[in-house]
Amino acid sequence: MNYIITYTIYVLIISVLMGLTTWKLFKKMGYNPLLSFIPFYNYIIVLKETNHSKWWAILSYLPIVGPIMMSVFHIFLMIYHLVQIELEI
């Protein structure tokens with residue numbers, strides 16, 4: 001039971017960090033920046049924009065696989081953001 005509470009707190013902390021780091025990106029993509037703080041839904045938006053399957057969002061909340069998938073999400077966001085910057089130049 002203690003593991004479930006610890007993991008829930010971990011997911012909430014990661015979701016808040018994801019919201020903070022993607023605030024401007026959501027604004028540039030045309031979404032309300034507050035959506036970046038909603039767990040699970042923010043991953044769905046990122047996956048939609050980066051043209052990946054929605055089931056990846058489910059993987060991000062599984063133990064062991066979750067931290068890896070969250071790192072993958074951030075890598076895709078960085079790549080997406082860099083491509084957007086290059087298109088503006």
Side-chain angles (χ1 to χ4, degrees):
M1 188 66 174
N2 190 23
Y3 175 75
I4 294 171
I5 294 170
T6 304
Y7 190 72
T8 303
I9 292 170
Y10 170 76
V11 168
L12 289 174
I13 290 171
I14 293 297
S15 294
V16 168
L17 289 175
M18 174 99 173
L20 290 172
T21 58
T22 58
W23 178 274
K24 284 186 179 181
L25 188 61
F26 271 58
K27 201 173 188 176
K28 280 187 175 183
M29 290 189 299
Y31 294 99
N32 183 351
L34 292 175
L35 295 177
S36 65
F37 288 100
I38 300 174
F40 194 74
Y41 187 66
N42 57 3
Y43 294 122
I44 297 291
I45 293 173
V46 169
L47 290 172
K48 185 172 92 174
E49 291 295 322
T50 57
N51 298 322
H52 288 88
S53 288
K54 306 291 185 256
W55 63 269
W56 281 30
I58 296 168
L59 289 177
S60 68
Y61 287 97
L62 295 177
I64 299 170
V65 179
I68 296 167
M69 291 305 294
M70 288 182 188
S71 299
V72 169
F73 282 133
H74 279 91
I75 290 170
F76 282 132
L77 278 174
M78 286 188 288
I79 292 170
Y80 178 81
H81 185 65
L82 289 174
V83 168
Q84 294 299 321
I85 289 173
E86 288 179 9
L87 292 176
E88 290 177 3
I89 295 177

Peer 1: Consider only side-chain heavy atoms of I, L, V, M, F, W and Y, link residues closer than 4.5 Å, and tell whether Tyr3 and Tyr10 are in one cluster.
Peer 2: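 Same cluster: Tyr3 reaches Tyr10 through Ile, Leu, Val, Met, Phe, Trp or Tyr contacts under 4.5 Å.
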Peer 1: Are Ile58 and Ile44 co-members of a hydrophobic cluster defined by side-chain heavy atoms under 4.5 Å apart?
Peer 2: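 Same cluster: Ile44 reaches Ile58 through Ile, Leu, Val, Met, Phe, Trp or Tyr contacts under 4.5 Å.
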Peer 1: Check whether any side-chain heavy atom of Phe26 lies under 4.5 Å from a side-chain heavy atom of Leu34, and answer yes or no.
Peer 2: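 With C-beta onward as the side chain, the pair stays apart.
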Peer 1: Does Tyr41 have any side-chain hydrogen bond (donor to acceptor under 3.5 Å, both in side chains) partners at least two apart in sequence or in another chain, and if so, which?
Peer 2: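 Tyr41: no side-chain hydrogen bond (donor to acceptor under 3.5 Å, both in side chains) contacts found.
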Peer 1: Are the side chain of Tyr7 and the backbone of Leu62 linked by a donor-acceptor contact shorter than 3.5 Å?
Peer 2: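 Answer holds: yes.
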Peer 1: With sequence neighbours left out, what residues match Thr8 under side-chain hydrogen bond (donor to acceptor under 3.5 Å, both in side chains)?
Peer 2: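 Residues passing side-chain hydrogen bond (donor to acceptor under 3.5 Å, both in side chains) with Thr8: none at all.
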Peer 1: Side chains of Met29 and Ile45: does their closest heavy-atom pair fall under 4.5 Å?
Peer 2: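 Yes, at least one pair of side-chain atoms sits under 4.5 Å.
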Peer 1: Side-chain heavy atoms nearer than 4.5 Å, only ILVMFWY residues, links allowed to pass through others: does that put Ile38 and Val16 together?
Peer 2: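 No; Val16 is not reachable from Ile38 via cluster members.
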Peer 1: Atom CG in Asn32, atom CG in Leu35: separation rounded to 0.5 Å?
Peer 2: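 Rounded to the nearest 0.5 Å, the CG-CG separation comes to 5.0 Å.
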Peer 1: Indicate yes or no: at least one non-hydrogen side-chain atom of Thr6 is less than 4.5 angstrom from one of Ile9.
Peer 2: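 The answer is no, as the side chains (C-beta and beyond) never meet within the 4.5 Å cut-off.
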Peer 1: How far apart are the closest heavy atoms of Ser36 and Asn42, and which atoms are they?
Peer 2: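 Of all heavy-atom pairs spanning Ser36 and Asn42, the closest is O-ND2, 2.8 Å.
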Peer 1: Hey, are the side chains of Leu25 and Tyr31 touching, using non-hydrogen atoms and a 4.5 Å cut-off?
Peer 2: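 A side-chain contact under 4.5 Å is absent here.
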